[in-house]
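Structure first, commentary second.
When a ligand or atom number is given, it counts from 1 through the structure's own listing order. All figures in this text were calculated on a predicted structure; none of them were measured in a lab.
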Amino acid sequence: MAEQYLADYYARRANEYDAIYRKPERQNDIRLLAAHLTELLASRSVLEIACGTGFWTQFFAPGSTFVTATDYNDDVLRIAKQRLSCLANVCVKQADAFALDGLGLDFDCGYAGFWWSHLEKAKIRPFLREFHSALRPGSRVIFTDNLYVEGSSTVVSRTDNDGNTFQFRKLADGRQYEILKNFPTESEFREAVGESGVDIHFKKLAYFWCGWYETSRG
Ligand SMILES: C[S@@+](CC[C@H](N)C(=O)[O-])C[C@H]1O[C@@H](n2cnc3c(N)ncnc32)[C@H](O)[C@@H]1O
């Protein structure tokens, strides 16, 4: 199953994941995005999904009211727990982004970093319904992800019939995976959110994009 394949890849990549954030050409964008997230998530009770090693959580969490940072993989959560242990308002726990019921907390903000790109185009809307259902009506929802940048991004290996794009990725142990990695345009982002969000924004940096909106008050 595609979802399990993706989860397995990230489980095996856990200890080498943060190397991506050491690329020299991305340092300015990392600073800008961290500052932008801090502003967007300030004083919010945040449900973060697919938090990975907690790289972005460490920047915005000090300004948030409370953060529940979740991921499917225990291997990345172990690193996130260590990294975020100094923050009393952060709780790190295991959760599948496709089955968010049962978290039982009162969130007014949802955040997912570098996750949208791993969703098949046909599965974005069902995923958004699931994500929104874990949040209070009128919540802020924020996604950040990669822009495709020639010479910096891993090349696209193929495009399927639905327009999903893939990359070959090699881990330190030599294993190779073909990973779904989409690079949505602003109009694709707006169309996917559609009626489920209002006040939709989309900001492009040099290497990253950030899209955010409020869920309807229903
Ligand atoms: C590209 S990484 C992003 C990590 C982190 N948000 C960041 O920006 O550094 C994708 C993350 O999705 C997690 N993941 C994979 N399948 C998942 C699932 N079904 N539910 C929740 N997280 C999942 C992986 O373990 C990995 O940490």
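- Looking only at atom types and distance, the side chain of Tyr72 has a donor-acceptor partner in the side chain of Gln4 under 3.5 Å away.
- Protein heavy atom in closest approach to atom 2 (S) of ligand 1: Tyr17 OH, 3.5 Å.
- Note on ring orientation: taking the six-membered ring where Trp is involved, the planes of Phe55 and Tyr21 are parallel (angle under 30°, cut-offs 30° and 60°).
- In terms of polar-atom proximity, defined here as any N/O pair under 3.5 Å, Ala50 does make such a contact with ligand 1.
- Residue nearest to atom 17 (C) of ligand 1, selected from Tyr10, Tyr9, Tyr72: Tyr72 (by heavy-atom distance).
- Ile20 and Tyr10 fall within a single hydrophobic cluster, where Ile, Leu, Val, Met, Phe, Trp and Tyr are joined by side-chain heavy atoms under 4.5 Å apart, directly or via other members.
- Phe183 and Tyr148 have perpendicular rings, their planes meeting at more than 60° on a 0 to 90° scale where under 30° would count as parallel.
- Counting heavy atoms of neighbouring residues, nucleotides and ligands inside a 6.0 Å radius, atom CD of Glu39 does not exceed 12 of them.
- The shortest N or O to N or O distance between Gly113 and ligand 1 is below 3.5 Å.
- Annotation for ligand 1: atoms under 4.0 Å from non-hydrogen atoms of Asn73 are 24 (C), 25 (O).
- At a heavy-atom cutoff of 4.0 Å, ligand 1 is contacted by no atom of Ser117, backbone or side chain.
- Looking at His118 against ligand 1, only its side chain comes within 4.0 Å, counting heavy atoms.
- Other cluster members for Phe166: Leu180, joined by side-chain heavy-atom distances under 4.5 Å among Ile, Leu, Val, Met, Phe, Trp and Tyr.
- Applying the ring-ring contact (aromatic ring centres under 6.0 Å, His included) rule to Phe114 yields the partners Trp56, Phe208; only residues at least two apart in sequence or on another chain are considered.
- Residue, atom and distance of the protein heavy atom nearest to atom 20 (N) of ligand 1 are Ala97 N, 2.8 Å.
- Among Phe55, Tyr21, Trp115, the residue whose heavy atom lies nearest to atom 8 (O) of ligand 1 is Tyr21.
- Comparing Val76, Asp71, Asp8, Asp75 against atom 26 (C) of ligand 1, the shortest heavy-atom distance belongs to Asp71.
- Using a 4.5 Å heavy-atom threshold, the side chains of Ser196 and Thr215 count as separate.
- By the criterion of a heavy-atom distance under 4.0 Å, the backbone of Ala95, and not its side chain, is placed next to ligand 1.
- By the criterion of side-chain heavy atoms lying less than 4.5 angstrom apart, applied directly or through intervening Ile, Leu, Val, Met, Phe, Trp or Tyr residues, Val149 is grouped together with Leu32 in one hydrophobic cluster.
- Atom 19 (N) of ligand 1 has as its closest protein heavy atom Asp96 OD1, 3.0 Å.
- Residue contact check: Phe98 has heavy atoms under 4.0 Å from atoms 19 (N) of ligand 1.
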